[in-house]
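Note on naming: letters A, B, ... go to the chains in the order of the sequence lines (proteins, then strands), and numbering restarts at 1 for each one. Keep in mind that what you see is a predicted model, and the values were worked out from it rather than measured.
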2 protein chains.
Amino acid sequence: MARTDPARAVTLTDVARLAGVSVATASKALNGRDQVKDSTRQRVVEAAERLSFSPNALARGLLAGRTGTVGLLTSDLEGRFVLPILMGAEDAFGAGQVSVFLCDARGDAIREQYHLRALLGRRVDGLIVVGRQTDPRPSLGPDIPVPVVYAYAPSDHPDDRSLTPDNTGAGRMAVEHLVACGRTRIAHITGEHAYAAARDRAAGVRAALEAAGLELVGDVMYSEWSERWGRDATAMLLEQHPEIDAILCGSDQIARGALDMVHDLGRSVPDDVAVMGFDNWEVLTTNSRPELTSIDANLQQLGRTAAQWVFAALDGKDIGTGTQFVDPRLVIRGSTVARR
Amino acid sequence: MARTDPARAVTLTDVARLAGVSVATASKALNGRDQVKDSTRQRVVEAAERLSFSPNALARGLLAGRTGTVGLLTSDLEGRFVLPILMGAEDAFGAGQVSVFLCDARGDAIREQYHLRALLGRRVDGLIVVGRQTDPRPSLGPDIPVPVVYAYAPSDHPDDRSLTPDNTGAGRMAVEHLVACGRTRIAHITGEHAYAAARDRAAGVRAALEAAGLELVGDVMYSEWSERWGRDATAMLLEQHPEIDAILCGSDQIARGALDMVHDLGRSVPDDVAVMGFDNWEVLTTNSRPELTSIDANLQQLGRTAAQWVFAALDGKDIGTGTQFVDPRLVIRGSTVARR
DNA sequence: CTATCTTCAGAAAACCTTTTCGGCTTCTTT
DNA sequence: AAAGAAGCCGAAAAGGTTTTCTGAAGATAG
């Protein structure tokens with residue numbers, strides 16, 4: 001920045017001097033305390049306005065013990081999950097009231113420790129820890145002096161408070177939708193078996209199929225979270241089980257691949273085969289032919305709740321322990337229901 | 001968080017008491033100042049360790065005038081651009097040295113003002129303002145008491161310091177690559193004409209074609225940044241100009257649509273038609289058939305430089321004014337060059 | 001007119017760390 | 001042994017705000 005003078009920031013003392021009062025009175029006037037005559041208050045407010053005074057949050061925080069800041073410690077490099085959560089948290093806090101420190105540990109425990117120290121040194125009021133998978137992650141331990149909420153990836157310690165998408169419920173919800181659409185011969189292609197998200201969704205799928213008196217066509221097909229796998233798996237599937245009328249994919253990426261391959265093999269979506277995915281990643285779901293039905297994990301909601309918990313804990317309320325699940329949301333598009 | 005007592009945070013006084021020295025000595029011992037006997041220093045360090053003392057950055061910042069925090073003020077809702085920039089900034093600062101406040105104004109000027117006040121109140125050492133388009137954005141004005149660097153979207157005020165991708169150069173680079181691949185009948189489909197990014201890339205495309213003694217096939221086709229438009233435009237293009245041997249798309253999304261349509265119309269990529277995009281958005285480029293050649297805007301580099309500028313300005317160095325352009329980078333994949 | 005009450009303003013302490021400077025102890029030198 | 005030097009440590013101030021408490025002035029009642 002080129003056009004600023006590095007002049008000292010304006011302090012409450014300056015305001016008080018201009019208004020002809022003491023700093024104590026100025027403080028009370030600006031903070032709406034009583035014990036200040038109206039005319040005096042007005043003088044102070046005008047002085048503050050004129051100097052465009054903004055109180056030093058460090059000094060305030062030093063005294064109050066609260067800083068109005070929250071740390072968001074993430075390992076989610078790509079930001080697919082952390083951003084909706086960040087936005088939800090900002091919503092819950094209210095713009096300008098609370099500021100969020102965002103730190104990316106890049107999946108590195110050492111770096112996470114560095115960031116953690118820095119955040120605690122800066123006296124954040126609370127912490128939200130966001131993982132990049134839904135598998136449990138190591139707890140930060142019991143000695144963190146501020147409330148901690150684990151989001152997306154739950155903590156592996158039962159005494160911590162965690163919030164994670166209900167993937168089992170999501171799997172169930174997906175199958176219920178397909179069944180409601182009249183599909184009976186359903187297959188499931190998903191990502192790496194190492195991911196709890198994949199296994200949980202598959203479990204939900206099985207449960208819902210059983211409840212509907214149906215059987216999965218073929219086995220659950222685990223491999224990688226990519227379009228390529230979606231294409232390859234779909235090709236195999238349609239060859240071995242030509243009777244299939246729905247392919248449920250473990251992610252929108254896989255679903256995009258499936259869509260392509262179904263199309264290539266001369267079948268129509270959704271008339272011959274319905275396709276759906278998980279995550280509701282808009283750039284993928286709303287640009288395909290046809291648009292892709294998907295299960296949204298409600299991450300923004302998750303972020304809002306996490307933030308609310310942090311604040312509730314700060315206010316001394318008991319937010320409990322253990323892992324709570326966030327309900328998913330079905331977003332119906334043209335890949336399962338023919339457009340009117 | 002359930003398993004913490006809300007006990008007062010441990011302060012330097014506690015450490016000093018445990019070590020049997022004064023706070024002054026404790027401070028010097030922990031900060032590597034001399035005038036402390038080695039044995040004393042060791043006692044203090046051990047005491048600090050034992051109490052897991054972490055110095056209060058607020059008090060430190062209050063005194064030093066520097067807080068070791070930087071504000072990242074963004075309007076980039078989706079985070080496509082802001083996250084690489086954030087990561088670059090973190091890299092430049094070094095993990096734990098500097099923490100970043102991330103604020104999302106959601107394109108709302110009022111909200112931006114709120115966040116700005118909050119950031120200045122928290123005494124950030126500097127600001128990076130990230131827009132969501134490369135069109136110039138309103139300056140924050142000359143009265144910000146800390147260094148400001150505008151990233152991605154430059155400021156509309158010539159006295160500010162801005163850093164933005166070189167889209168003209170990117171357009172040129174793309175055409176040069178296609179020409180180097182032996183393509184001579186090149187068309188250009190791009191996004192909304194209202195975006196400077198679209199116009200600048202088109203300008204670079206024209207310049208490079210002229211330099212190569214070639215002409216664009218058809219007009220530059222402006223519409224929206226979507227796969228759908230990529231498909232539709234490609235269909236029109238191939239019908240009107242069947243001789244086309246390369247389609248340069250203004251974004252990877254458009255390019256994905258183009259790829260699909262070329263494929264549908266029975267032509268092969270890259271043998272009959274080369275396709276390429278801009279942005280190098282990996283989820284799109286590395287999952288298509290074939291993988292998509294793209295121009296990467298080097299956003300992480302941009303973020304690193306922006307951060308370095310903020311710090312240079314803090315150190316009193318002159319970082320100049322005006323807009324500097326960041327060089328793009330060509331990422332070659334299978335959509336322009338047949339795989340070996 | 002005095003005594004009590006109310007209203008409002010200011011002084012001072014507190015929050016926690018860093019730095020400067022004075023002073024005490026120990027060692028060296030003559 | 002005395003004087004000077006060097007090495008260490010601690011007291012105090014500074015940074016900006018909030019809060020509590022004291023005190024002064026004006027208002028009301030007796």
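As rounded to whole Å, 9 Å separates atom C1' of D/dT18 from atom CZ of A/Arg60. Between the CG atom of A/Leu63 and the C1' atom of C/dC16 there is a distance of 11 Å, given to the nearest Å. Distance, A/Leu62 CG to D/dA14 C1': 13 Å, rounded to whole Å. Put simply, CG on B/Leu58 is 11 Å from P on C/dC16, counting in whole angstrom units. For B/Leu12 and D/dA14, the CG to P distance is 20 Å, given to the nearest whole Å. As a whole-Å value, the separation of A/Lys37 NZ from C/dG10 P is 11 Å. As rounded to whole Å, 9 Å separates atom P of D/dG16 from atom CZ of B/Arg123. Taking atom CG of A/Asn56 as the reference point, atom P of C/dC15 lies 18 Å away to the nearest angstrom.
The side chain of A/Ala59 lies closest to D/dT17 when the candidates are D/dT18, D/dT17, C/dC8. Picking from C/dC8, C/dT17, D/dT18 the nucleotide with the shortest atom distance to the side chain of A/Ser27 gives D/dT18. Nearest nucleotide to the B/Pro55 side chain, out of D/dA11, C/dA9, C/dT17: C/dT17.
Distances shorter than 4.0 Å separate none of the side-chain N or O atoms of A/Thr11 from OP1 or OP2 on D/dG15. B/Ser22 has a side-chain polar atom (N or O) that falls below the 4.0 Å cut-off from OP1 or OP2 of D/dG10. Here B/Arg33 reaches the OP1 or OP2 of C/dT19: one of its side-chain N or O atoms lies under 4.0 Å away. In this structure, B/Thr40 reaches the D/dC9 phosphate: one of its side-chain N or O atoms is under 4.0 Å from OP1 or OP2. Proximity of B/Thr13 to the phosphate of C/dC16: no side-chain N or O atom is located under 4.0 Å from OP1 or OP2.
Heavy-atom nearest nucleotides on DNA chain C were determined for A/Arg41 and for B/Ala24, and the one closer to the 5' end corresponds to A/Arg41.
Using a 4.0 Å heavy-atom distance criterion, A/Asp34 is classed as making no nucleic acid contact.
Using a 4.5 Å heavy-atom threshold, the side chains of B/Phe101 and B/Val124 count as touching.
For the helix from C/dC1-D/dG30 to C/dT30-D/dA1, the end axes, each set by the C1' atoms of five terminal pairs, are bent relative to each other by 60° (nearest 10°).
Annotation: ring-ring contact (aromatic ring centres under 6.0 Å, His included) contacts involving residues 47-89 of chain A, sequence neighbours excluded, comprise A/Phe81-A/Tyr152.
Between the side chains of A/Asp159 and A/Thr321, no donor N or O sits under 3.5 Å from an acceptor N or O.
The two atoms that bring A/Thr69 and A/Thr67 nearest to each other are OG1-OG1, 2.8 Å, heavy atoms only.
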> Given the rule in the salt bridge (charged side-chain N to carboxylate O under 4.0 Å, His left out) test, do B/Glu46 and B/Arg41 qualify, once you have shown the distances and angles that lead to the verdict?
Replying inline: CA-CA 9 Å; B/Glu46 274 167 14; B/Arg41 185 188 306 277; over 6 Å; no
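Taking the ring-ring contact (aromatic ring centres under 6.0 Å, His included) definition, one finds that A/Phe311 meets it with A/Phe93, sequence neighbours left out.
Of the possible donor and acceptor atoms, one in the side chain of A/Thr134 sits under 3.5 Å from a partner among the backbone N and O of A/Ala197.
The pair A/Arg106-B/Asp91 counts as a salt bridge, with a side-chain nitrogen and a carboxylate oxygen less than 4.0 angstrom apart.
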